[in-house]
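Chain A is the first sequence line, chain B the second, and so forth, proteins listed ahead of strands; every chain is numbered from 1.
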2 protein chains.
Amino acid sequence: MRGNLNLLSEMKGHPVTAHRQLLLHLIRNAHDHIDAKELYRRGANEEESISLSTVYRNLQVFKKLGLVEERRLGQMRCYYEIKQKPEHHHLVCQRCGKIVDFESPLIRKLMDEVQHQHGFNVTKK
Amino acid sequence: MRGNLNLLSEMKGHPVTAHRQLLLHLIRNAHDHIDAKELYRRGANEEESISLSTVYRNLQVFKKLGLVEERRLGQMRCYYEIKQKPEHHHLVCQRCGKIVDFESPLIRKLMDEVQHQHGFNVTKK
DNA sequence: GTGAGAATGAGAGGCAATCTCAATCTTCTT
DNA sequence: AAGAAGATTGAGATTGCCTCTCATTCTCAC
């Protein structure tokens, strides 16, 4: 069972459907990043069938609720991961597509610097 | 006239066609970044007509030859700019799409750090 | 349980970018 | 300067990722 007691409060008023539970379960149990197509593939393996529209729609909802982080890695595709504490970034191999996480205090420093100098509020990348 | 005497050597064996001259001229005279569609639009205003295929194909060629830099800014689209000396990066406004260039020695520092720690050769972003 | 309002599936649609292939152009060789 | 080999081009089809539409189904406050 993948019932999640906190989910109702996390969904902040949005109905808690079986599909949403399944999707969030799949994202949480994907240890690395996962894209929409793969999520759809894995969802189709479960008892409930699921449509690609539902996958995309709910990724947007999760994103808006701050449950999930969207990353545009590689060429076109977006990858999704659970929003977790440690701020980190990604290295993407141009040849094999391998994705490696990394973190560095320099990122924070750079963001602060840039925000001050240009009046932007940096939210991505 | 936009004839460029160096172009032949810059093209390193690839035929120098009127379209390539036109495209490179347009990119060089676009002061900021420019995307394929806009390049196509501007190309259509010149004496020669030009197809979207040609724009995309030649952007790939220019990129490979190191004449032009490809940047994925904003959501989907790629933007192109002449490869020029000062290394810089971009801020993209999520609301209005405005693009601001910036530079910082911290970027270099970060790249060095990351390359050392993970054995990657950082080429983008 | 009922009803208002939200989510879902299937397929159409949108958009950036790539591919196909016959016709045309560049450049190298005489 | 002409010919030939090989690359480029245009137009439209195609792919890939993602969003939209709308009739049907589900969720949850009452």
Got B:Arg42 and B:Glu38 here, is their nearest side-chain heavy-atom distance under 4.5 Å?
yes
With respect to the side chain of B:Arg77, which nucleotide from C:dT8, C:dA16, C:dC21 is positioned closest?
C:dA16
Between C:dA7 (P) and A:Gln60 (CD): distance, integer Å:
13 Å
What is the distance, rounded to the nearest whole Å, between atom CG of B:Leu39 and atom P of D:dT9?
13 Å
What do you reckon, are the aromatic ring centroids of A:His116 and A:His118 less than 6.0 Å apart?
no
Rounding to an integer number of Å, can you tell me how far B:Leu59 CG sits from D:dT9 P?
12 Å
Spacing between B:Arg41 atom CZ and C:dC15 atom P, to the nearest angstrom
17 Å
Within the structure, does a side-chain N or O atom of A:Arg57 lie under 4.0 Å from either OP1 or OP2 of C:dA7?
no
Roughly how many Å is it from CG in A:Leu22 to P in C:dG9, rounded to a whole number?
10 Å
State whether A:Thr54 places a side-chain N or O below 4.0 Å from either non-bridging phosphate oxygen (OP1 or OP2) of C:dG9.
yes
Between D:dC18 and A:Tyr56, is there an OP1 or OP2 to side-chain N/O distance shorter than 4.0 Å?
yes
Nearest-Å distance, CD (B:Gln21) to P (D:dT9)?
11 Å
Taking 4.0 angstrom as the limit, do B:Lys64 and B:Glu69 come out as a salt bridge?
no
Would you list the protein and nucleotides 23-28 of chain C atom pairs, both N or O, that sit under 3.5 Å from each other?
{"unit_1": "C:dT27", "atom_1": "OP1", "unit_2": "B:Val16", "atom_2": "N", "d": "2.9"}

Should the ring pair B:Phe102 and B:His89 be called parallel, tilted or perpendicular, given that the plane angle runs from 0 to 90° and is split at 30 and 60?
tilted
Please identify each residue that fulfils side-chain hydrogen bond (donor to acceptor under 3.5 Å, both in side chains) with B:Gln60, with sequence neighbours left out.
B:Lys63
With a 4.5 Å cut-off on side-chain heavy atoms, are B:Val100 and B:His90 touching?
no
Between D:dC22, D:dC17, C:dC21, which one does the side chain of A:Lys37 approach most closely?
D:dC17
Residue closer to the 5' end of DNA chain C, A:Ile50 versus B:Tyr80 (nearest nucleotide):
A:Ile50
By nearest-nucleotide position on DNA chain C, the 5'-leaning member of A:Ser51 and B:Leu52 is A:Ser51
Between A:Arg77 and A:Asp35 (side chain of the first, backbone of the second, donor and acceptor by atom type, cut-off under 3.5 Å), is there such a pair?
no
Here the distance between atom C1' of D:dA29 and atom CE of A:Met11, to the nearest Å, is 17 Å
Quick one: the side chain of B:Ser53 and the base of C:dC19, do they pair up donor-acceptor inside 3.5 Å?
yes
Closest to the side chain of A:Asn58, out of D:dC18, D:dG10, C:dT8, is C:dT8
Starting at CD of B:Glu38 and ending at P of C:dC15, how long is that distance when rounded to a whole Å?
17 Å
